[in-house]
Amino acid sequence: MDGDTPIEEPVVDNPTYMANIRYFFEQIDIDHMGARGKDLGTYAGVKKNALAIFAHTAPPNGDMPPEPDRKWSAARSQTFRNWILAGYPVGTAVPGPADRMALEAAPGRLRKNVTSLKPPEIDALKRRSTE
Ligand code: HEM
């Protein structure tokens, strides 16, 4: 497979700023557009500029972001449109894909059954509760 092929992201029907939209803007975008008075790094800024952002990023003629290999896909544009039409929901903080993968790979904590503890484990527990 061609390593340059972008992973096609799905259209999100009910996107929120915290779960989806904020990840559409990279630091380079925030820096360059911040210097031009367009804040792409906060909820308030993206909401305020949403229609201009939509117009400048929509394929096939969107001119932002300027790099050809970073153009928004039709799916991303549709997700952004859904977000505007839903009234710019903020949503709640959810772990990003990297954090999610790390959590899935991490061993979970196992809570032992208190009735099957061995004497040294019971001692350790007693010590801890009195320290
Ligand atoms: C997702 C990323 C980006 C979005 C949504 C975006 C959005 C926009 C918008 C809405 C405008 C019009 C501003 C206005 O009418 O006042 C604009 C203009 C501009 N942006 Fe961006 N931008 C992005 C990334 C970038 C990056 C990475 C650069 C530079 C490397 C950049 C450079 C510019 C420049 C030079 C203009 C003025 C263009 C002109 O007037 O012809 N933008 N951008």
Side-chain angles (χ1 to χ4, degrees):
M1 192 177 115
D2 177 359
D4 293 334
T5 305
I7 298 167
E8 183 58 57
E9 59 193 39
V11 175
V12 181
D13 291 334
N14 297 298
T16 68
Y17 179 75
M18 293 303 283
N20 315 99
I21 302 302
R22 62 182 168 144
Y23 299 114
F24 294 174
F25 307 100
E26 298 186 16
Q27 198 56 48
I28 182 178
D29 304 321
I30 295 166
D31 291 346
H32 280 89
M33 293 311 300
R36 286 174 185 82
K38 298 270 176 226
D39 173 14
L40 303 182
T42 67
Y43 170 75
V46 174
K47 179 182 174 188
K48 182 173 165 213
N49 296 301
L51 291 181
I53 293 170
F54 178 75
H56 282 264
T57 53
N61 299 320
D63 61 346
M64 292 286 145
E67 305 90 325
D69 61 331
R70 294 185 53 240
K71 295 292 180 206
W72 283 18
S73 64
R76 177 172 293 194
S77 185
Q78 181 65 46
T79 296
F80 195 75
R81 188 171 186 275
N82 290 345
W83 181 67
I84 296 174
L85 289 173
Y88 319 97
V90 187
T92 50
V94 293
D99 286 355
R100 214 179 282 251
M101 276 168 67
L103 285 175
E104 273 161 18
R109 288 190 63 169
L110 182 64
R111 172 166 275 196
K112 292 192 175 181
N113 182 340
V114 72
T115 60
S116 60
L117 292 180
K118 297 186 184 70
E121 292 173 317
I122 294 175
D123 286 346
L125 206 56
K126 282 183 188 159
R127 273 200 306 280
R128 240 200 289 168
S129 62
T130 55
E131 270 165 10

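Order of listing sets the numbers, starting from 1, for every ligand and every atom in it.
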- Establish whether Val12 and Trp83 are linked, either directly or via other cluster members, by ILVMFWY side-chain heavy-atom contacts under 4.5 Å. no
- Taking heavy atoms and a distance under 4.0 Å, where does Asn49 meet ligand 1: side chain, backbone, both or neither? neither
- Atom indices of ligand 1 within 4.0 angstrom of Ile53 heavy atoms, with elements: 5 (C)
- Is the closest side-chain donor-acceptor distance between Thr42 and Asp39 under 3.5 Å? yes
- Ligand-residue contact atoms, ligand 1 with Thr57, heavy atoms, under 4.0 Å: 5 (C)
- Contact bool for atom 40 (O) of ligand 1 (protein heavy atom, d < 4.0 Å): no
- Run the numbers for me: atoms of ligand 1, each under 4.0 Å from some heavy atom of Ala52, listed by number. 10 (C)
- Item | Nearest-0.5 Å distance that lies between atom CD1 in Ile53 and atom CG in Leu40 | 5.0 Å
- Message: Any non-hydrogen side-chain atom of Glu67 less than 4.5 Å from a side-chain atom of Ile28?
- Response: yes
- Distance below 4.0 Å between atom 34 (C) of ligand 1 and any protein heavy atom? yes
- May I ask you to decide if Pro66's main-chain N or O and Arg70's side chain share a donor-acceptor pair within less than 3.5 Å? no
- Side chain Arg22, main chain Met18, donor-acceptor under 3.5 Å: yes
- Sub-4.0 Å atoms of ligand 1 with respect to non-hydrogen atoms of Leu40: 3 (C), 4 (C), 5 (C)
- Query: What is the number of protein N, O or S atoms that sit under 2.8 Å away from atom 21 (Fe) of ligand 1?
  - Reply: 2
- With under 30° as parallel and over 60° as perpendicular, where do the rings of Phe80 and Phe24 fit, or are they tilted in between? tilted
